[in-house]
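The structure appears right after this line, and notes come after that.
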Amino acid sequence: MWRLKGREFRTCLAVLILVTFLLSTIFANEEGDALYIFRKNLQDPNNIMASWNRTDKNPCNWMYVTCNSLDSVVRLDMANASLSGQLVPQLALLSNLQYLELYANNLNGHIPVYLENLTNLVSLELYTNNFDGPIPDALGKLSKLRFLRLNSNNLSGSIPMSLTNLYSLQVLDLSSNSLSGPVPQNGSFSLFTAVSYTNNLDLCGPITEKPCPGVSSPDGDSKPNIGAIVGGVVAVWYYYLLLW
């Protein structure tokens, strides 16, 4: 069995340490810059991001930021902080981000399509904000997503069918928006109940107990037309009266 000698082992170990250091430095600088731009584009009345100092070598010591062993950001927890403004494209650089917790703020604008680049995302919590526009079809690319809560916003349009491909999805809440059209029933959506869709007046389908326009009920063809039957009986009765 091949083994490294003492000097070779020390050389390889030094190279490994150097590579790890360089990777962590690259992650830290790029992600720190991205988060600093995120901070500059938000209104922060409670100054919760006071510790976000651009001169730091990495963002891992900043409040509400969690990193992994390579100093890459894996979690951003900034809920219920009275933040306002819009999300910036630079968030897509947080390639190892797993938890994006921005609920119960005053964030606005569209939910960005570029979130599709956060392929390690496990939890996307944007509920109780002021987001508007459609749910991006691109969210269907987040194959690791387990928690998706977009409730209590101003979202409109239909529920993207692409979301039914999120087979890891365990929790879904789209309630209290202005969504419309049929509620998907296939894929991961077969697990969810009507609670996930309440307070969307224009959603339709079996789970909402509201039929979609132009779609007959499954047993619609088997129901007798009472008016036609009565009309037929009256016509026959009248015909025999004339013969009498």
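Numbers here are sequence positions counted from 1. This structure is a prediction, so every number in the text was calculated from the model and none was measured.
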Residue pairs passing the salt bridge (charged side-chain N to carboxylate O under 4.0 Å, His left out) test with at least one member in residues 145-159, sequence neighbours excluded, are E125-R149

For T164 and P184 the tightest heavy-atom approach is CG2-CB, 3.6 Å

Given the rule that I, L, V, M, F, W and Y join up when any side-chain heavy atoms are under 4.5 Å apart, are L139 and Y114 in one cluster?
yes

Determine whether V73 and P59 make a side-chain contact, defined as any pair of heavy atoms from C-beta on separated by less than 4.5 Å.
yes

Apart from Y167 itself, members of its ILVMFWY cluster (side-chain separation under 4.5 Å) are none

The ring-ring contact (aromatic ring centres under 6.0 Å, His included) partners of Y36 (sequence neighbours excluded) come to none

If hydrophobic clusters are built by linking Ile, Leu, Val, Met, Phe, Trp and Tyr wherever their side-chain heavy atoms come under 4.5 Å apart, do Y197 and L201 end up in the same one?
no

Determine whether V65 and L35 make a side-chain contact, defined as any pair of heavy atoms from C-beta on separated by less than 4.5 Å. yes

Do any N or O atoms from the side chain of T208 and from the backbone of K210 form a donor-acceptor pair under 3.5 angstrom?
yes

With sequence neighbours left out, the residues meeting side-chain contact (heavy atoms from CB on, under 4.5 Å) with N61 are none

Test item: N153 side-chain N/O and L126 main-chain N/O as donor-acceptor pair under 3.5 Å: yes

The reported gap from OG in S123 to OH in Y103 (rounded to nearest 0.5 angstrom) is 9.0 Å

To the nearest 0.5 Å, atom CG of N200 lies from atom OG of S176 at 7.0 Å

Here the pair of heavy atoms bringing I37 nearest to N41 is O-ND2, 2.8 Å

Rounded to the nearest 0.5 Å, the CG atom of N177 sits from the OG atom of S152 at a distance of 7.0 Å

Under the side-chain contact (heavy atoms from CB on, under 4.5 Å) criterion, do L179 and L155 qualify, and how do the steps go?
CA-CA 6 Å; L179 299 173; L155 301 175; 4.1 Å; yes

For K40, is the NZ atom crowded, meaning more than 12 foreign heavy atoms sit under 6.0 Å from it? no

L148 meets the side-chain contact (heavy atoms from CB on, under 4.5 Å) criterion, sequence neighbours left out, with L124, L145, L150, L163, L169, L172

Taken to the nearest 0.5 Å, the spacing of L93 CG from E30 CD works out to 4.5 Å

Students should find that the hydrophobic cluster of V122, defined by side-chain heavy atoms under 4.5 Å apart, otherwise consists of Y99, F147, V171

Task: Distance-only polar pair, side chains of N96 and S72, donor-acceptor under 3.5 Å - done: yes

| request: Is it possible for you to say whether Y64 and W62 belong to one hydrophobic cluster, with membership spreading through side-chain heavy-atom contacts below 4.5 Å? | output: yes

Note: G205 and C212 closest approach over all heavy atoms is N-SG, 3.5 Å

Name each donor-acceptor pair under 3.5 Å that joins a side chain in residues 78-91 to protein atoms two or more places apart or in another chain, with its distance.
from	atom 1	to	atom 2	distance (Å)
S84	OG	Q43	OE1	3.2
Q86	NE2	N108	OD1	3.4

Margin query: Hydrophobic cluster membership, with links at side-chain heavy-atom distances under 4.5 Å among I/L/V/M/F/W/Y: are I111 and L76 in one?
Written below: yes

Contacts satisfying salt bridge (charged side-chain N to carboxylate O under 4.0 Å, His left out) that involve residues 98-123 (not counting sequence neighbours) are E116-K141

For residues 191-201, the salt bridge (charged side-chain N to carboxylate O under 4.0 Å, His left out) pairs (sequence neighbours left out) are none

Legend entry - Joint hydrophobic cluster, Y127 plus L121, side-chain heavy atoms closer than 4.5 Å: no

Distance col, row S95:OG vs L118:CG, nearest 0.5 angstrom, shows 8.5 Å

For residues 72-90, the salt bridge (charged side-chain N to carboxylate O under 4.0 Å, His left out) pairs (sequence neighbours left out) are R75-D77

Side-chain donor-acceptor pairs of residues 130-138 under 3.5 Å, sequence neighbours excluded:
from	atom 1	to	atom 2	distance (Å)
D132	OD1	H110	ND1	2.9
D137	OD1	S162	OG	3.1

Do D56 side-chain atoms and N58 backbone N/O form a donor-acceptor pair below 3.5 Å? no

When rounded to the nearest 0.5 Å, the distance separating CG of L115 from CG of L97 is 9.5 Å

task: Could you please spell out the steps behind the side-chain contact (heavy atoms from CB on, under 4.5 Å) verdict for L174 and S196?
output: CA-CA 6 Å; L174 305 178; S196 296; 5.9 Å; no

Verdict with reasoning, L203 to I159, per side-chain contact (heavy atoms from CB on, under 4.5 Å)
CA-CA 9 Å; L203 283 180; I159 299 174; 4.1 Å; yes

| query | Side chains of K144 and S168: does their closest heavy-atom pair fall under 4.5 Å? | reply | no

Notebook entry, point to check: Is the backbone N or O of S175 less than 3.5 Å from a side-chain atom of D173, with the two atoms forming a donor-acceptor pair by type?
Noted result: yes

With sequence neighbours left out, the residues meeting ring-ring contact (aromatic ring centres under 6.0 Å, His included) with F38 are none

Problem set entry | Audit row: Q185, S190, side-chain hydrogen bond (donor to acceptor under 3.5 Å, both in side chains) steps and yes/no | CA-CA 5 Å; Q185 293 290 289; S190 63; over 6 Å; no

